[in-house]
Participant: 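Shown below is the structure under consideration.
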Amino acid sequence: MEENKYNFKEIELKWQKYWESNNLFLFKDNKKDKKYILDMFPYPSGEGLHIGHSEGYTATDILARYYRQQGFNVLHPIGWDAFGLPTENFAIKTGLHPKKITINNINNFRQQIKSLGYSYNWNKEVNTSDPEYYKWTQWIFIQLFKKGLAYEDIIPINWCPACLTGLANEEVINGKCERCEAKVERKDMKQWLLKITTYAERLLKGLDNLDWPEKIKSLQKNWIGKSQGTEIIFKLKNLDEELKVFTTRPDTLYGVTYMVIAPEHKILEKYKSSINNYSEVIEYIKVAKNKSELERINLTQEKTGVLIKGIKGLNPVNNKVLPIFVADYVLSSYGSGAVMAVPAHDQRDWEFAQKFNLPLQQVVDTEGDIKKQALEGEGIALNSDKFNGLKTAEVKEKIVKYLVIKNLARKKVNYKLKDWVFSRQRYWGEPIPIIHCKKCGLVSVHEENLPVKLPEIENYQPTGTGESPLANIKEWVNVSCPQCQGEAQRETNTMPQWAGSSWYWLRYIDTKNNKKLANTRLLKKYLPVDLYIGGAEHAVLHLLYARFWNMFLYDIKVVSQEEPFVKLFNQGMILASDGKKMSKSKNNIINPDDIIAKYGADTLRLYIMFIGPLEDEKSWNIDGIKGIYNFLKKVYQLQYILKNKAESIANNKLIHKTIKKVSVDIENFKFNTAIASLMIFINKVSKDNLNKQVFSKLIILLSPFAPHLAEEIWFNLGNKDSLLFEKWPVYDEYLIKEKKIKLAIQVNGKVRDVIKLPLDVKESMELKKKVLALPRIKKYIVDKKIKKFIYIKNKIISIVV
Ligand code: ANZ
Ligand code: ZN
């Protein structure tokens, strides 16, 4: 039967053209209730769309199509996170302009996305590297700058001494340059920072009201890292100077046997004349400077440090004289950059004390062997003077009170979160819209002069000084100061890739607006995002930066909601068939294009949703694909065996059950079980008499998953309008209720109990067990052998003992 062949290639192309030429996916503002369904937009890399993209995008497409059919106005946009390092590096290698490369890659991505039949609002596309877009990224930066939330500071960058260039963190692999493998150093450079720390508390509190996976919330919590402790003042012996330390264990003050300051601590420079071994200290500082913070806090790294000769600290509770060390396990960026070391009760101090032969002084009676490790638990104080015998919590409170009265301590909250280093020494990013004037200092570009466009240059080679390639373009750099008209220079650093993705969901709402970031009324109408789906790898950075910018835009009254994403869902990773991560080097990547060519987009869509729960990690399996393909083929062929018979009651009940299951499952992201129930339906009805009415409903249910095939059958059934806005079928709760029936249970001919069972239920071991376990029946059969167990369906149960 040649005419019944499932020709997916023809079908898919035909409907993609139809949707496009009839503008069906375009977004229109209307009066319907909205649903904003957002994907994490892709970085248009040269490699093209990968399976992970198609997983998340298929899920959101199912939801977008489903909610349209439920009557919502669905905002479902896509765009391109188009600035970034790989493109710039590729440009350096090939001599092509990054803009050209980006456009090519975007065209490729767009075509791939369209070939999957995704119903994106193509009139809502954004591209972060488009001046009309980054104009507003720059505008936001200027607002941050005006509020004092963007500032300059000297910060070490990763510096490759061989390539003579600054490196992004992702280009540093195990402390080495990704390209030439030279050991990466740290080099101090002036950088822009954003004061995300001002928002630490709100970023933390806001998490409570979000419908996000607990795992992501706790990752963000830890990243923000709120710590409630005490700042204590230690005076220095024979100097009119003090050292502040931050501690969460003031109860261990009597156990302090030395102090440690970070290599960057300011007193080192200030008292260099009092330090007898200053050159040794300087040597140590130099080495420490080349380590990243991650290396420094790595617990498995051997502790290093140098005793500072000539300066000593005094313990505020007992005036004990304490040696002071400089050691890189203490960070300058946390607390006050100095610690009171309690080797008996802090593991890092314990390890340091082992290495430098420093004494342990136990002050908490708690479990563990102090010869093997620090005793970090709480317990009862000892060797602590008037605090002996008290519990840790009480000692903390009393010691702090005592020191506060003497002005030697105060309660303090610290956050691990640091300000966001916001500049990159790169070409392919948004220029930072700031002008450096000798007279006026830092001046922001006038808003009417935005965007500050990236100059089109031929040479993106790094400068060799660590500055951005933009620094080479004198015509671009030299400008007059917007304030005094005097000679001035543009900022040459560009923004990090995170900038454009920190607000893009706002621009989707009003992509063409050239007066404002977006129209206020529309922002109010379409925010917040109802659902955001993407990979868990963005748990912290992107999602934290996006929340920060949104909160800031809320504070300056651009948006009316503090949190951008009400609900977040993470798709699980799809692994290769060998259970390993897909990667170029392992040559185990599955290319969506290949699957589409061989089995079609509908099969791919269905398969990715069927292999397992959306949130789970799962492995690719080619046999599974064939199963899905056969299922779709069967559905396709069913349209030809439709009989114009009257409605079959059994089918009618089954379709209502299926409608309910599929609807509930879609709303709960259980796409795999929704598909399974469609399969069950098909398996059951194909033997039966399937009529057109029931089949039509099934096709609507299938349409979010396999939209091309569904549309083809839908039109073959005589319909004239696309399924896209066809009303989702409703189910009749009464019809699908299981009917129950009461059965009498006899033992040796006498009725002893009654049991309620579903209509038509078959005899089974379970049923028998259940009956025999009924207390009133048990009574009559204990210690007896059951000779007969007779079950007459829908009538009676009879037991003979
Ligand atoms: C004495 C002490 C005794 C400490 C003890 C702990 C246990 P969190 O909870 O992460 O905030 N610390 C303070 N500033 C530091 C810095 N700049 N670099 C490295 N470590 C620093 O940790 C607070 C604890 O980390 C502080 O409490 C301090 O050590 C250390 F039995 O003070 B503790
Ligand atoms: Zn000026």
Side-chain angles (χ1 to χ4, degrees), residues 197 200-201 204 221-234 243-268 285 288 291-299 301 303-305 313 315-317 320 322 324-354 358-368 370 373-384 387 391-393 395-396 399-400 403 408-418:
T197 50
E201 191 60 33
L204 188 66
K221 257 179 213 160
N222 291 336
W223 189 265
I224 296 167
K226 181 176 183 174
S227 168
Q228 278 162 306
T230 310
E231 190 175 75
I232 299 176
I233 291 173
F234 282 64
L243 265 182
K244 290 191 178 113
V245 306
F246 174 73
T247 179
T248 46
R249 292 293 303 270
D251 60 293
T252 61
L253 258 169
Y254 287 89
V256 178
T257 55
Y258 63 101
M259 298 180 77
V260 185
I261 61 175
E264 299 84 355
H265 202 287
K266 296 222 163 58
I267 72 152
L268 288 171
I285 293 172
K291 292 194 200 165
S292 70
E293 281 199 357
L294 267 177
E295 277 176 82
R296 284 170 55 168
I297 59 173
N298 187 342
L299 293 176
Q301 281 265 332
K303 300 273 175 300
T304 61
N315 189 328
V317 287
K320 234 176 101 176
L322 304 164
I324 304 176
F325 287 80
V326 53
D328 64 11
Y329 78 93
V330 172
L331 302 177
S332 61
S333 58
Y334 190 67
S336 50
V339 306
M340 55 180 240
V342 186
H345 301 291
D346 180 295
Q347 187 59 24
R348 295 159 298 180
D349 300 342
W350 187 89
E351 281 163 18
F352 190 84
Q354 293 289 313
L358 295 158
L360 303 178
Q361 166 76 327
Q362 184 174 354
V363 291
V364 184
D365 190 5
T366 183
E367 266 169 51
I370 204 162
Q373 66 190 45
L375 313 179
E376 294 193 331
E378 304 199 341
I380 305 293
L382 51 96
N383 298 324
S384 296
F387 303 100
K391 283 190 196 140
T392 297
V395 185
K396 270 188 189 176
I399 281 199
V400 172
L403 290 173
L408 289 172
R410 62 181 182 115
K411 293 231 184 245
K412 201 175 167 212
V413 174
N414 272 330
Y415 298 89
K416 295 265 151 51
L417 183 68
K418 292 196 188 125

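Counting starts at 1 for both ligands and their atoms, in listed order. The structure presented is a predicted model; accordingly, all values stated were derived computationally and were not measured.
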Participant: Ser332 side chain to His265 main-chain N or O, any donor-acceptor pair under 3.5 Å?
Facilitator: no
Participant: Without swapping roles, check the side chain of Trp350 against the backbone of Leu375 for a donor-acceptor pair under 3.5 Å.
Facilitator: no
Participant: Does a side-chain heavy-atom distance below 4.5 Å link Arg348 with Val339?
Facilitator: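 Contact flag for Arg348/Val339 side chains = no.
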Participant: Under a 4.0 Å heavy-atom limit, does Val330 contact ligand 1 with its side chain, its backbone, both, or neither?
Facilitator: both
Participant: Tell me which protein heavy atom sits closest to atom 27 (O) of ligand 1, plus the residue, atom name and distance to 0.1 Å.
Facilitator: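 Looking at atom 27 (O) of ligand 1, the protein heavy atom closest to it is Thr248 N, 3.1 Å.
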Participant: Hey, does His345 come in under 3.5 Å of ligand 1, counting only N/O atoms on both sides?
Facilitator: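 No - when backbone and side-chain N and O of His345 are compared with those of ligand 1, no distance drops under 3.5 Å.
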Participant: Counting heavy atoms only, which part of Lys416 comes closer than 4.0 Å to ligand 1: side chain, backbone, both or neither?
Facilitator: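 Answer for Lys416: side chain.
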Participant: Do Glu293 and Ser333 meet the criterion of a side-chain donor-acceptor pair at a distance under 3.5 Å?
Facilitator: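 Yes - a donor-acceptor pair under 3.5 Å links their side chains.
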Participant: Closer than 4.0 Å to some heavy atom of Val342 - which atoms of ligand 1 meet that?
Facilitator: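 Per the distance check, 3 (C).
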Participant: Which pair of non-hydrogen atoms, one from Tyr254 and one from Asn383, has the smallest distance, and what is that distance?
Facilitator: CB-O, 3.5 Å
Participant: To which protein heavy atom is atom 19 (C) of ligand 1 closest, and what is the distance rounded to 0.1 Å?
Facilitator: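 The protein heavy atom lying closest is Tyr329 O, 3.5 Å.
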Participant: Give the atoms of ligand 1, by number and element, whose distance to some non-hydrogen atom of Ser227 is under 4.0 Å.
Facilitator: 8 (P), 9 (O), 11 (O)
Participant: Could you list the atoms of ligand 1 found under 4.0 angstrom from a heavy atom of Met340?
Facilitator: 1 (C), 32 (O)
Participant: Could you identify the single nearest non-hydrogen protein atom to atom 18 (N) of ligand 1 and state the distance to 0.1 Å?
Facilitator: Leu331 N, 3.0 Å
Participant: For atom 29 (O) of ligand 1, state which one of Ile297, Asp346, Leu253 supplies the nearest heavy atom.
Facilitator: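 Shortest heavy-atom distance from atom 29 (O) of ligand 1: Asp346.
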Participant: Only heavy atoms count here, so choose which of Glu231, Glu376, Gln228, Arg348 is nearest to atom 30 (C) of ligand 1.
Facilitator: Arg348
Participant: Are any of the N or O atoms of Ser332 closer than 3.5 Å to those of ligand 1?
Facilitator: no
Participant: For the CD1 atom of Ile399 and the CG atom of Asp251, what is their distance to the nearest 0.5 Å?
Facilitator: 7.0 Å
Participant: Does the ring of Tyr329 carry Lys303 above it, NZ/CZ under 6.0 angstrom from centre and within 45° of its axis?
Facilitator: yes
Participant: What is the closest protein heavy atom to atom 13 (C) of ligand 1, and at what distance does it sit?
Facilitator: Phe246 O, 3.2 Å
Participant: Which atoms form the tightest heavy-atom contact between Pro316 and Ile232, and what is the distance?
Facilitator: CG-CG2, 3.9 Å
Participant: Please work out whether any backbone atom (N, CA, C, O) or any side-chain heavy atom from C-beta onward of Thr247 is under 4.0 Å from ligand 1, and answer side chain, backbone, both or neither.
Facilitator: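 Both backbone and side chain.
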Participant: Given Val330, which partner from the list Ile261, Val260, Val245 fulfils the side chain to side chain contact (heavy atoms under 4.5 Å, CB included) test?
Facilitator: Val260
Participant: Which of the atoms of ligand 1 are close to Thr252, meaning less than 4.0 Å from one of its heavy atoms?
Facilitator: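 The list of qualifying atoms is 3 (C), 31 (F).
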Participant: Once rounded to the nearest 0.5 Å, what's the spacing between atom NZ of Lys391 and atom CD of Glu378?
Facilitator: 10.5 Å
Participant: Val339 versus ligand 1: do any nitrogen or oxygen atoms come within less than 3.5 Å of each other?
Facilitator: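 Val339 vs ligand 1: no N/O contact under 3.5 Å.
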